[in-house]
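This structure is a prediction, so every number in the text was calculated from the model and none was measured. Residue numbers start at 1 and run along the sequence shown.
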Amino acid sequence: MENAKSGVISQEMLDDLRQRTRFSEAELSRWFGEFRRECPTERVSQAEFERIYQRLFPDSDAQAYSSHVFRSFDVNGDGTLDFREYIIALHLTSSGLTSLKLEWAFSLFDVDNSGAITKGEVLEITRAIFKLIPEEERKDLPEDENTAEKRADKLWSYFGKKEKEKLLEGEFIEGVLENENALRLIQYEPKKK
């Protein structure tokens, strides 16, 4: 993975991550050093990840959402995020490419990792997103979006699927791209203070 004695990222990992993310070698090397300082074990546990998310959303209940985000990033399923998973996650969520973000969003909503989303999974993730919205902001939501259930119903309706039908990745991406309200409902951005 990396040269344990020197604490330097391996050339093999650098090449792989540069190809996958388009981040520069200098950026990756700097981030690797910061990652090692913050995570001497070179792994982020789910509990630590959830603590980080709670700091990002101090006025909300971020546990459920951060648990799902962690699941979507933990590609190898070992219960931790290593540097490679961390950087790929950073790339997916911070790149300007809407298609990459929507591919990641699909994996977030695909709770059982079946390759398709059910209305139940939409409700589960919508509930987690809804918990991120502080109470004072919830009272300003439109009537048809003021509960997680109403938001899930509204989001599901944008895809034109019946209650028991499943939604494939391409349909999810197309549905969100065609409707900015769907895009708004699959995320939450805190208001600037």
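Considering only heavy atoms from C-beta on, L168 stays 4.5 Å or farther from I117 through its side chain. Side-chain atoms of I186 and F109, non-hydrogen and from C-beta on, do get closer than 4.5 Å to each other. The shortest side-chain heavy-atom distance between T118 and K164 does not fall under the 4.5 Å cut-off. In this structure, the side chains of F130 and L123 stay at 4.5 Å or more apart for every pair of heavy atoms. Contact of the F73 side chain with the L90 side chain is not registered, since no non-hydrogen atoms from C-beta on lie closer than 4.5 Å. Side-chain contact between L167 and W156 is present, with heavy atoms from C-beta onward closer than 4.5 Å. Between V111 and I125, some side-chain heavy-atom pair lies under the 4.5 Å cut-off. Between V44 and E85, the closest side-chain pair of non-hydrogen atoms is not below 4.5 Å.
Evaluated for a side chain to side chain contact (heavy atoms under 4.5 Å, CB included) with K119, the options K161, K162, E124, E163 yield exactly one hit, E163.
I129 and I52 are members of different hydrophobic clusters when ILVMFWY side chains are connected at heavy-atom separations under 4.5 Å.
A donor-acceptor pair under 3.5 Å is absent between the side-chain atoms of R151 and the main chain of N146, judged by distance alone. Although no hydrogens or angles enter the test, the distance criterion places no donor-acceptor pair under 3.5 Å between the side chain of Q46 and the main chain of T80. The closest donor-acceptor contact from the side chain of S67 to the backbone of Q63 lies at 3.5 Å or more, if one exists at all. No donor-acceptor pair closer than 3.5 Å links the side chain of K131 to the backbone N or O of A64. Between the side chain of S107 and the backbone N or O of W104, at least one donor-acceptor pair lies under 3.5 Å. When atom types are taken as modelled, the side chain of S60 and the backbone of L132 share a donor-acceptor pair closer than 3.5 angstrom. The closest donor-acceptor contact from the side chain of D110 to the backbone of G115 lies under 3.5 Å. Within the 3.5 Å criterion, the main-chain N or O of T21 finds a donor-acceptor partner in the side chain of H91.
For an aromatic pair to be called close, the ring centres must be under 6.0 Å apart, and W31 with F83 fails this.
Side chain to side chain, E50 and Y65 fail the donor-acceptor criterion of an N or O pair below 3.5 Å.
Atom OG1 of T147 and atom CG of L141 lie 9.5 Å apart (nearest 0.5 Å).
Atom OH of Y86 is surrounded by 12 or fewer heavy atoms from other residues, nucleotides or ligands within 6.0 Å.
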